[in-house]
S.K.: 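Here it is, the structure in full.
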Amino acid sequence: MSEYRYTGIKDFDAVHIFECGQCFRWKRLEDDSYDIAAMGRRVNVRCEGSDLIISPCTEEEFAVIWRDYFDLGTDYGAIKARLCADDPVMRTAAAFGWGIRILRQDLWETIIDFIISQNNNIPRIKGCIERLCCRFGDPLISALQPEGESAGASSDGDPDEEILTHDIPGPQVLASLTEADLAPVRLGYRASYLINTSREILERGMPEDRAQLLALTGVGPKVASCIELFGMNHMDSFPIDVWVQRLMHELYGVEEKNKKAMAAFAAEKFGEYGGIAQQYLFYYEREKTHVQ
DNA sequence: TGCCAGGTGATCG
DNA sequence: CGATCACATGGC
């Protein structure tokens with residue numbers, strides 16, 4: 001199996017990147033490498049010292065897909081220096097999650113993922129997305145059935161059932177479904193949001209700005225901010241969820257539950273790198289309360 | 001058991 | 001506008 005080794009990487013840690021809440025389709029293995037599903041593929045990602053190893057991956061796939069996906073053209077060291085100057089809170093948070101990078105994820109997938117994420121917890125979000133892909137998505141590249149095993153017999157509740165084998169279903173597929181079709185995915189009330197948003201996107205095309213995001217069913221200010229940050233490369237976007245509300249009050253003393261004040265504080269203090277700041281803070285806040 | 005989870009839509013002043 | 005409530009689901 002071919003692998004690609006990128007040497008001399010900085011400000012990169014797979015644990016930080018995948019467990020900071022920005023993406024949901026991954027599985028941590030015993031060696032702390034990650035199997036991930038992204039960009040229509042399934043690959044393993046691991047770090048060895050200052051090497052990043054992706055497998056299976058050719059030199060061309062790395063150049064065309066993964067270099068951008070992992071945002072390797074951005075100097076996170078410089079951004080950290082800027083964010084941490086004159087901010088001891090950020091120094092602590094960025095020292096803790098030093099290897100976080102903002103993944104440049106597929107726009108459609110981030111729309112679906114973060115509609116599902118609302119009023120939900122991360123382990124269950126992962127389960128919902130996995131069930132959605134498994135039932136309605138196409139097989140991922142390099143996740144094809146291993147020879148010798150038959151495909152037809154996969155039972156539903158099998159705990160050993162393989163995961164990360166199928167892609168997120170496209171808008172045409174989701175728009176054609178009913179809530180009854182989606183019942184086994186157990187999205188709760190979000191099922192109708194997915195169907196409606198899919199139909200809206202088929203009609204109007206993919207959203208290109210915040211106003212078009214907010215016009216989608218199930219997309220409010222917080223979900224729109226996540227989509228902008230993770231799916232549209234808006235590094236200044238600062239999503240405010242319950243964790244960020246808590247930490248902005250506890251760590252920075254901003255008035256409790258005052259989202260407007262928090263957004264203004266972030267814009268003033270973090271500016272164009274608000275989204276990266278948010279990820280350092282979010283990861284730090286969640287891990288120190290040690291949530292799954 | 002009631003509360004919480006990366007909130008949003010509908011409704012009411 | 002801003003505040004309040006319902007909304008599925010599952011873990012603690």
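Residue numbering restarts at 1 for every chain, and letters A, B, ... go by the order of the sequence lines.
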S.K.: Assign A:Gln22 to base, sugar-phosphate, or nothing according to its heavy-atom contacts below 4.0 angstrom with the strands shown.
M.R.: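 Base contact.
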S.K.: Would you tell me if any nitrogen or oxygen in the side chain of A:Lys259 comes within less than 4.0 Å of OP1 or OP2 on B:dG7?
M.R.: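 The answer is no; no side-chain N or O of A:Lys259 sits under 4.0 Å from OP1 or OP2.
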S.K.: Is atom NZ of A:Lys257 surrounded by more than 12 heavy atoms (other residues, nucleotides or ligands) closer than 6.0 Å?
M.R.: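 For A:Lys257, atom NZ is not crowded (no more than 12 foreign heavy atoms under 6.0 Å).
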S.K.: Salt bridge or not between A:Arg286 and A:Glu19? Use side-chain N to carboxylate O under 4.0 Å.
M.R.: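 Looking at A:Arg286 and A:Glu19, the cut-off is not met.
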S.K.: Using atom CD1 of A:Ile122 as one end and atom P of C:dC12 as the other, report the distance to the nearest whole Å.
M.R.: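 Distance check: A:Ile122 CD1 to C:dC12 P gives 15 Å.
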S.K.: If you assign each of A:Thr217 and A:Gly21 to its closest nucleotide in DNA chain B, which residue comes earlier from the 5' end?
M.R.: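 Comparing both residues, the 5'-ward one is A:Gly21.
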S.K.: Between C:dA3 atom C1' and A:Lys257 atom NZ, what is the distance in whole Å?
M.R.: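 Interatomic distance, NZ of A:Lys257 to C1' of C:dA3: 11 Å.
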S.K.: Counting the atoms with a prime plus P, OP1 and OP2 as sugar-phosphate, which does A:Gln279 contact under 4.0 Å by heavy atoms, base, sugar-phosphate, or nothing?
M.R.: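 It contacts base atoms.
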S.K.: Base, sugar-phosphate, or nothing: which does A:Leu216 touch, judged by heavy atoms less than 4.0 Å apart?
M.R.: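 Answer is sugar-phosphate: A:Leu216 comes under 4.0 Å of backbone atoms only.
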S.K.: Would you say the side chain of A:Tyr189 and the base of B:dG7 hold a donor-acceptor pair, judged only by whether the two atoms sit under 3.5 Å apart?
M.R.: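 A donor-acceptor contact between them is present.
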S.K.: Using a strict threshold of under 4.0 Å (side-chain N to carboxylate O), is an ion pair present between A:Arg5 and A:Asp51?
M.R.: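 Yes, A:Asp51 and A:Arg5 are salt-bridged.
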S.K.: Rounded to whole angstroms, how far apart are CD1 on A:Ile116 and P on B:dT8?
M.R.: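 To the nearest whole Å, that distance equals 14 Å.
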S.K.: Just call it for A:Gly218: base, sugar-phosphate, or nothing, with non-hydrogen atoms closer than 4.0 Å on any strand.
M.R.: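 Counting heavy atoms under 4.0 Å across all strands, the contact made by A:Gly218 is with sugar-phosphate only.
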S.K.: Is there a side-chain polar atom (N or O) of A:Arg190 under 4.0 Å from OP1 or OP2 of C:dC7?
M.R.: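 So the side chain of A:Arg190 is outside the cut-off, no N or O lying under 4.0 Å from OP1 or OP2 of C:dC7.
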S.K.: Atom NZ of A:Lys126 and atom P of B:dA5: how far apart are they, to the nearest Å?
M.R.: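 Computing the A:Lys126:NZ to B:dA5:P distance gives 19 Å.
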S.K.: So, is A:Arg246 near the phosphate of B:dA5, with a side-chain N or O under 4.0 Å from OP1 or OP2?
M.R.: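 Yes, A:Arg246 has a side-chain N/O under 4.0 Å of OP1/OP2 on B:dA5.
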S.K.: Describe the nucleic acid contact of A:Arg124 in one word from base, sugar-phosphate, nothing, applying a heavy-atom distance below 4.0 Å.
M.R.: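 The answer is base, as A:Arg124 lies within the cut-off (heavy atoms under 4.0 Å) of a base atom.
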S.K.: Tell me: CZ of A:Phe114 to P of B:dT8, nearest whole Å?
M.R.: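 Answer to the nearest Å: 12 Å.
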S.K.: Could you walk me through whether A:Lys27 and A:Glu130 pass the salt bridge (Lys or Arg N to Asp or Glu O under 4.0 Å) check?
M.R.: CA-CA 11 Å; A:Lys27 182 182 180 189; A:Glu130 187 57 39; over 6 Å; no
S.K.: Rounded off to whole Å, could you give me the CG-to-P distance for the A:Asn119 and B:dC3 pair?
M.R.: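 Value for this atom pair: 14 Å.
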S.K.: Between C:dG10 and B:dG9, how many Å separate the two C1' atoms, rounded to a whole number?
M.R.: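 One C1' to the other, the span is 23 Å.
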S.K.: Measure up the A:Tyr252 and A:Phe270 rings against each other and bin them: parallel (under 30°), tilted (30 to 60°), perpendicular (over 60°).
M.R.: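 A:Tyr252 vs A:Phe270 ring planes: perpendicular.
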S.K.: If you only use heavy atoms from C-beta on, which nucleotide in B:dG7, C:dT9, B:dA5 is closest to the side chain of A:Arg186?
M.R.: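 For A:Arg186, the side-chain atoms sit closest to C:dT9.
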S.K.: Would you kindly give the CG-to-C1' distance between A:Asn121 and B:dC3, to the nearest whole Å?
M.R.: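 To the nearest whole Å, that distance equals 12 Å.
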S.K.: Using a heavy-atom cut-off of under 4.0 Å over every strand shown, decide if A:Cys20 touches base, sugar-phosphate, or nothing.
M.R.: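 Counting heavy atoms under 4.0 Å across all strands, the contact made by A:Cys20 includes a base.
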S.K.: Nearest whole angstrom, please: distance from the C1' of B:dA5 to the CD of A:Gln118.
M.R.: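 Checked: the CD to C1' distance equals 11 Å.
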S.K.: Between A:Asn44 and A:Ser33, does any side-chain donor sit less than 3.5 Å from a side-chain acceptor?
M.R.: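 A donor-acceptor contact under 3.5 Å links the two side chains.
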S.K.: Using the C1' atom in both, what is the distance from C:dG11 to B:dT8, to the nearest Å?
M.R.: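 The answer is 23 Å between these two C1' atoms.
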